Asks: 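Input: one structure, supplied below.
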Amino acid sequence: MFYTIDILGTIAFAISGVLIAINKRMDLFGILIIAFVTAVGGGTLRDLLIGNTPVGWMKDITYTYVILGSSVFAILLRSKINYLRTSLFLFDTIGIGLYTVVGIEKGLNAELHPIICIALGTMTASFGGVIRDILCNEIPVIFRKEIYATACILGGVTYFALREFPIQYNYVFVIAGIVVIVTRLLAVKFKIALPRIYSDKV
Amino acid sequence: MFYTIDILGTIAFAISGVLIAINKRMDLFGILIIAFVTAVGGGTLRDLLIGNTPVGWMKDITYTYVILGSSVFAILLRSKINYLRTSLFLFDTIGIGLYTVVGIEKGLNAELHPIICIALGTMTASFGGVIRDILCNEIPVIFRKEIYATACILGGVTYFALREFPIQYNYVFVIAGIVVIVTRLLAVKFKIALPRIYSDKV
Amino acid sequence: MFYTIDILGTIAFAISGVLIAINKRMDLFGILIIAFVTAVGGGTLRDLLIGNTPVGWMKDITYTYVILGSSVFAILLRSKINYLRTSLFLFDTIGIGLYTVVGIEKGLNAELHPIICIALGTMTASFGGVIRDILCNEIPVIFRKEIYATACILGGVTYFALREFPIQYNYVFVIAGIVVIVTRLLAVKFKIALPRIYSDKV
């Protein structure tokens, strides 16, 4: 079940990487690398920071196959992929819900402070996109206008809040993930974004 | 004592990150991330390279609180922060003095060659700014015009030179740090910079 | 023998870093850093991902000396280095042949899947250049027009194909490396590149 969601998230992340790399006029190799870092970059950074090496995707070849397959699919159908935008957005959103909670639990396993765990969850969900944007020579989009990380942080806070109550573990996991997903869906639907902070004096 | 300096350095680094992120018109999340990487990026890279994981700031939640607090402070007072520029510059300079020596000693603990230790010290002090500039889509400023890393390297050379003499350990630590600080202050005061190397033929 | 090739590759990579950093009008420190990351960046990323820390160049000071020496040489002779372009290209190409196979074997030692090993070999050979380009604020050149990584991948496939046959280990190592080298030489000679994938609709 969770593994299925993980794979769906990986597919959505990989395809988003392919589309951006095509826009940047990269060659086939560049496209595959961008697909890869978008899909596994967040988890890789998390694993490096907590010392969980070799990092996750290296130990389970399934991710590599899924990313390669999704990338070929996205390249071949690139002119028709607009029809899939809604599905991809849903996969992506469900993916970040799952990744957030998975990241939090990796932090708990390493006996880290709840705030650090939430940071790890947010990183897992969002830093693949950050690395993708850096490789494409852009200021990362989540630093500018997406209420993406905020959804992850809210989910993380929910996770630790629920643990204070006598709720069965599985529910904590699922509810926190759903908070991430719903926050993001609502934010996109109602075009909610974090305020930008301007200053003429700085 | 050293912990106090460390915290002052963290504050100065975080605030410098906030100011640059505001100039780049980032949103609140982007600003906090830039504050974070500026403050802990150098130490994180050092810890990753020597295999000291989970990395430092994950094991002591104080850094997180200090960075969040400084960032909120800097955001709220962003139009008045010019009055603090001198204090911030001093904190920052004292911070890099300390970070350089701390980085060197982490290298010694890992039984690395003195030159590698000096590289680790310089990295600890300066790579937070490098990662900040990469995330902001700039060529890192220290590669172009600051005599920043040079101060760290001089301090590192001093550290290993002093160890050849029968000087008490604490003095070695402090003198090396002061060499970093004084070099940087003099360089800024007298506008000394490393030569740029031009070539029309390359 | 392999160590000699490794050093020649390191020299070629460091010099290529120096030339690019000079073009970007960096100062002396920036140039040295770019030389360093170009030369050791790929191996460093590989070592981090598989948890082989402290990373390689920190444990053998020779690399540091070679990189510093090559950089000083390249800076002093920057206006005449065009005469060396062919030699440098050959060193570089032989270097990536070696780095690819070395990376593959580090992956095998960590008991990783052959595909992951090939990815590690390709990374070892090519990501120094990627990090160099990111630090110079460019979209990495190998994502756009070089048949560089492809040569590494072909060499990697050869490596694992040959292991199916009763061939002595040393030959597997050498033949795979030569496949990388010859592929790259042919690609450059005949101006072969991976197709870019365009789309007006994305």
Side-chain angles (χ1 to χ4, degrees), chain A residues 15-37 40-41 44-45 47-65 67-68 71-72 74-83 85 131-139, chain C residues 44-53 55 103 106-120 122-123 125-127 129-154 187 192-202:
Chain A
I15 293 178
S16 92
V18 167
L19 299 182
I20 287 169
I22 290 177
N23 263 347
K24 286 279 174 178
R25 316 207 135 211
M26 291 188 181
D27 68 16
L28 184 60
F29 176 72
I31 292 172
L32 291 178
I33 293 291
I34 300 296
F36 230 94
V37 298
V40 302
T44 299
L45 180 63
D47 286 346
L48 288 178
L49 290 174
I50 60 179
N52 177 16
T53 53
V55 300
W57 60 269
M58 291 194 157
K59 287 185 283 198
D60 181 351
I61 193 72
T62 313
Y63 295 101
T64 301
Y65 289 146
I67 294 167
L68 290 178
S71 300
V72 170
I75 291 169
L76 294 178
L77 297 185
R78 64 190 177 279
S79 60
K80 296 186 183 88
I81 216 140
N82 265 316
Y83 301 119
R85 281 209 188 269
I131 304 174
R132 174 198 66 207
D133 291 342
I134 293 172
L135 288 176
C136 291
N137 202 11
E138 303 275 351
I139 292 184
Chain C
T44 299
L45 180 63
R46 176 202 65 215
D47 285 346
L48 289 178
L49 291 174
I50 62 179
N52 177 17
T53 52
V55 299
K106 298 255 182 184
L108 283 173
N109 283 345
E111 303 190 350
L112 299 170
H113 189 283
I115 292 180
I116 302 296
C117 293
I118 294 175
L120 280 174
T122 306
M123 236 178 247
S126 63
F127 268 64
V130 171
I131 305 173
R132 175 197 65 206
D133 291 342
I134 293 172
L135 288 176
C136 291
N137 202 12
E138 302 276 351
I139 292 184
V141 66
I142 69 158
F143 295 175
R144 285 177 295 140
K145 60 178 184 196
E146 276 259 36
I147 193 132
Y148 194 109
T150 314
C152 304
I153 294 168
L154 278 182
I192 300 166
L194 284 182
R196 286 206 226 179
I197 288 145
Y198 294 105
S199 172
D200 296 331
K201 302 225 179 104
V202 173

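Keep in mind the model is a prediction, meaning the values are calculated, not measured. Sequence lines set the chain letters: A, B, ... in the order given, protein chains first and strands last, and positions in each chain run from 1.
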Asks: Relative to chain C, which segment of A:F36 carries a heavy atom at a distance below 4.5 Å: side chain, backbone, both, or neither?
Replies: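 Neither part.
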Asks: If you round to the nearest 0.5 Å, how far is CD1 of A:I131 from CD1 of C:I134?
Replies: 9.5 Å
Asks: For C:L48, run the side chain to side chain contact (heavy atoms under 4.5 Å, CB included) check against A:L48, A:T44, A:D47 and tell me which one passes.
Replies: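 Among the candidates, only A:L48 passes.
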Asks: List the steps and the verdict of side-chain contact (heavy atoms from CB on, under 4.5 Å) for A:Y63 and C:I116.
Replies: CA-CA 11 Å; A:Y63 295 101; C:I116 302 296; over 6 Å; no
Asks: Evaluate the side-chain contact (heavy atoms from CB on, under 4.5 Å) criterion for residues C:V130 and A:L135: first the C-alpha distance (whole Å), next the side-chain angles of each, then the deciding distance (0.1 Å), finally the verdict.
Replies: CA-CA 8 Å; C:V130 171; A:L135 288 176; 3.9 Å; yes
Asks: Check step by step if side-chain contact (heavy atoms from CB on, under 4.5 Å) holds for A:T64 and C:H113.
Replies: CA-CA 10 Å; A:T64 301; C:H113 189 283; over 6 Å; no
Asks: Once you round to the nearest 0.5 Å, how far does CZ of A:F29 lie from OG of C:S126?
Replies: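 Answer rounded to 0.5 Å: 5.0 Å.
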Asks: With A:P54 as reference, evaluate C:L112, C:N52, C:L49 under the side chain to side chain contact (heavy atoms under 4.5 Å, CB included) test and give the passing residue.
Replies: C:L112
Asks: Kindly compute the distance separating CD1 (A:I33) from CZ (C:F127), expressed to the nearest 0.5 Å.
Replies: 4.0 Å
